[in-house]
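Keep in mind that the numbers below use all heavy atoms, side chains included, and drop hydrogens, waters and symmetry copies.
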Amino acid sequence: MKHHFIDRYSNLESPIHKLNTTLKLFLAVALIITTVIQSQIPAYKFVLIFAVLLIALYTSHIPLTFFLKNLLIILPFACIGGLSILFANSGDLYSSFIGIKIYHQALMNFITILEKSIISIGTIILFVSTTRFDHILKSFQDIKVPSLIVALLSFIYRYVFLVIDEFMRTKMAIVARSSRQPTLTLWSYMISRSFFGSLERGEQIFQSMKARGYNGTIKTLNNENFTTGDGIILFLCLILYALLWKL
Amino acid sequence: MEALIKIENLCVKYEEKVALDGIDLIINEGEKIGIIGPNGAGKSTLLLAIKGLIKFTGKISFPGIRRSDVGLVFQNPDIQLFMPTVFDDVAFGPINQNLTETEVKVRVKESLEKVGLSGFEKRPPHHLSEGEKKKVAIATVLSMKPSVYLFDEPTTGLDPLSKYEITKILCSIDRTMLIATHDLELISKVTDRTIILNDGKLMAEGYTQDILTNKELLARNKLYPLEQLLKCR
Ligand SMILES: Nc1ncnc2c1ncn2[C@@H]1O[C@H](COP(=O)(O)OP(=O)(O)O)[C@@H](O)[C@H]1O
Ligand SMILES: [Mg+2]
C-alpha cells in the first residue's frame, strides 16, 4: 500500500468520516440506484443532487480539485457506451455538423446517461474517500456479502497498489541503465515484469498476514454502533431522496 | 529446561532446489539461538517452515505451546507492514487475537514504547526510514506477546546506529528467540547458542562463543574471509 491515490483522504477526521460505514454504504447505494432507474433527470434535479454531493464533500474536508479530477478521469470510461446512443438515428434532427447528424431524442438520452454517470461516480468517490477500505470490507462482511467476495476485494485492493509499486520499481531500474526513452518492447516488458513481481510480493504479504493471525475474516477495532446522529442523518436523507424523486 | 519447539529431519524443496536438508533442532524455553550462514543457506526457509508458512517434510512439534504463539519478524519490512498507519499495523495482530479495544490500544502503546517509536501511530509505515520500518516491524510482533520470536535478518542493511538500537531492543526482549543473520556481532551480543547453516545443511551447533572464535569453521562456511586484505591504496 504505497499509494493512497484512491483513498488517500479516507483517514481524515470529519462528520462524514465518522458516520457509520454501513449507513454510508446504504445511502450511497440507495442514491445510485434511485438515480439509475430514472428515465430522465431534469436539469434542476441534477443540479440539486450535485449540490448535495458538494455540500457533503465540503463537510468532509476533501479538496474539491481531488474530487473533480477523479470524476473527470473516470467519467469517460462510463460514457463510452453512451456515445453510440448519441449518434442513434431517432426522431427529429437536432443539429448536423460536418456531416454528423445528431437527433434530439438521442441527445436527451445521452445527457441523461451523462447525468447518471456523474451522480453515481461522484457518490462512489465521496464514499470511498471518506471511508477506510478495511471498514468498507468489514461492512460488506457484516451485511453478509459472501466471505470469498470480501477476501477477493481485499486482495484486489492490495494488488492494485503492489502492481503500481512494482511497475515504478521496474521502470526506475530500467531507466537507470539506459539513456534512451523506453521503447514499446521495453514498456511491455516492464508491464509484464511488474505483474509477476507483484504476484510474488502479494504472496509474501499474504504469508506475513497469516503469520499475524489473519484467517480470512477481517477484524477491525471499530465495532461501529448506530448512533442517534446516524439515525438523524438516515431520516433526513430518506426524506431528501423521497422529495428528489417524487416531486 | 523445557523444549518449546522440536524439529526432526526437516526438509524443504522449492521446485528442484533443496533449500533445507534433514535439519534436527530442539529449542528450549528461554534460549536465544543464532542461526548464521551465507546468503542462500536456508535461514529464512527454516523460519518460514517453523511458522508453518511453507510446505515441508519431516516433523516440527510444539510441546507446551501452540504454533500461533510463535511470532515471526520478516526480513523485508515492506512485506511485514501492509496497513495504512503504524497504529493499524501494530494493532493488526492483537485484533486478530480477539483482544478488546482497550487491550489492543495498550499493546500498541507498550510495543511502540519498547522500540522507541512512541508518537508514530498516525504515520504511514512506508514513509519511514529503513531503520524505523524495521523497528515498527518488530513492534507488530511484540504487540502479540508471542512465547517464541523468530527474527529474520533484523539488522541487515542498517546504519551503525540503527544496528545498535535494534541489538538493544533484541537484548531487552526476555523471551525465547531465534535470530537468522550473518551479522556476527549481533549474535555475539544477544545469543547463547548458535547454529551454522550452509547449503541447507546444519554444519555446526554450539555455544556462540565457541563458534565465533573458530575462524576456520566460519571461513569454511563463507562467514569469514580466508585471507585478510590489508589495504589496497
Ligand atoms: N520462493 C522460492 N522459490 C524458489 N527458490 C527459493 C525460494 N525461496 C528461496 N529459494 C532458494 O532456497 C535457498 C535458500 O533460501 P533462503 O532460505 O532465503 O536463504 P537465506 O535466508 O539463508 O539467505 C536459496 O538457494 C534460494 O534461492
Ligand atoms: Mg534470508
> Which atoms of Leu48(B) come close to chain A, meaning under 4.5 Å heavy atom to heavy atom: side chain ones, backbone ones, both, or neither?
Replying inline: side chain
> Hey, is OH on Tyr14(B) packed in by over 12 heavy atoms from elsewhere, all under 6.0 Å?
Replying inline: yes
>> Tell me the closest heavy-atom pair linking Arg212(A) and Gln80(B), and the distance in Å.
In response: NH2-O, 2.5 Å
> Checking Thr140(B) against chain A: side chain, backbone, both or neither under 4.5 Å from a heavy atom?
Replying inline: both
> With respect to chain A, which residue among Asn98(B), Val141(B), Leu99(B) yields the maximal number of heavy-atom pairs within a distance under 4.5 Å?
Replying inline: Asn98(B)
> So, for Phe82(B) and Ser208(A), which heavy atoms are closest and what is the spacing to 0.1 Å?
Replying inline: CE2-OG, 3.4 Å
> Is any side-chain heavy atom of Leu72(B) less than 4.5 Å from a side-chain heavy atom of Gln207(A)?
Replying inline: no
>> Please determine whether side-chain contact (heavy atoms from CB on, under 4.5 Å) holds for the pair Asp88(B) and Arg132(A), giving the CA-CA distance in whole Å, both sets of side-chain angles, and the decisive distance to 0.1 Å.
In response: CA-CA 11 Å; Asp88(B) 292 318; Arg132(A) 287 176 38 153; 3.0 Å; yes
> Is there a side-chain contact between Gln204(A) and Asn76(B) (heavy atoms, below 4.5 Å)?
Replying inline: no
>> Would you say OH of Tyr164(B) has more than 12 non-hydrogen atoms from neighbouring residues, nucleotides or ligands within 6.0 angstrom?
In response: no
>> Restricting to non-hydrogen atoms, name the atom on Leu53(B) and the atom on Ala211(A) that form the minimum distance, rounded to 0.1 Å.
In response: CD1-CB, 3.9 Å
> Given that the side chain runs from C-beta out, which part of Asn215(A) has a heavy atom under 4.5 Å from chain B: side chain, backbone, both or neither?
Replying inline: neither
> If you measure from CD on Glu200(A) to CD1 on Ile79(B), what distance do you get to the nearest 0.5 Å?
Replying inline: 8.5 Å
> Is the CD atom of Glu203(A) crowded by more than 12 outside heavy atoms at less than 6.0 Å?
Replying inline: no
> Taking 4.0 angstrom as the limit, do Lys219(A) and Glu101(B) come out as a salt bridge?
Replying inline: no
>> With a sphere of 6.0 Å drawn around OH of Tyr58(A), does it hold more than 12 non-hydrogen atoms of other residues, nucleotides or ligands?
In response: no
>> A quick test of your reading: do over 12 heavy atoms of other residues, nucleotides or ligands sit less than 6.0 Å from NZ of Lys6(B)?
In response: no
> Considering all heavy atoms of both residues, which atom of Asp78(B) and which atom of Ile205(A) are nearest to each other, and what is their separation?
Replying inline: O-CD1, 4.2 Å
>> Which heavy atom of Asn96(B) sits nearest to which heavy atom of Tyr214(A), and what is that distance?
In response: ND2-N, 3.7 Å
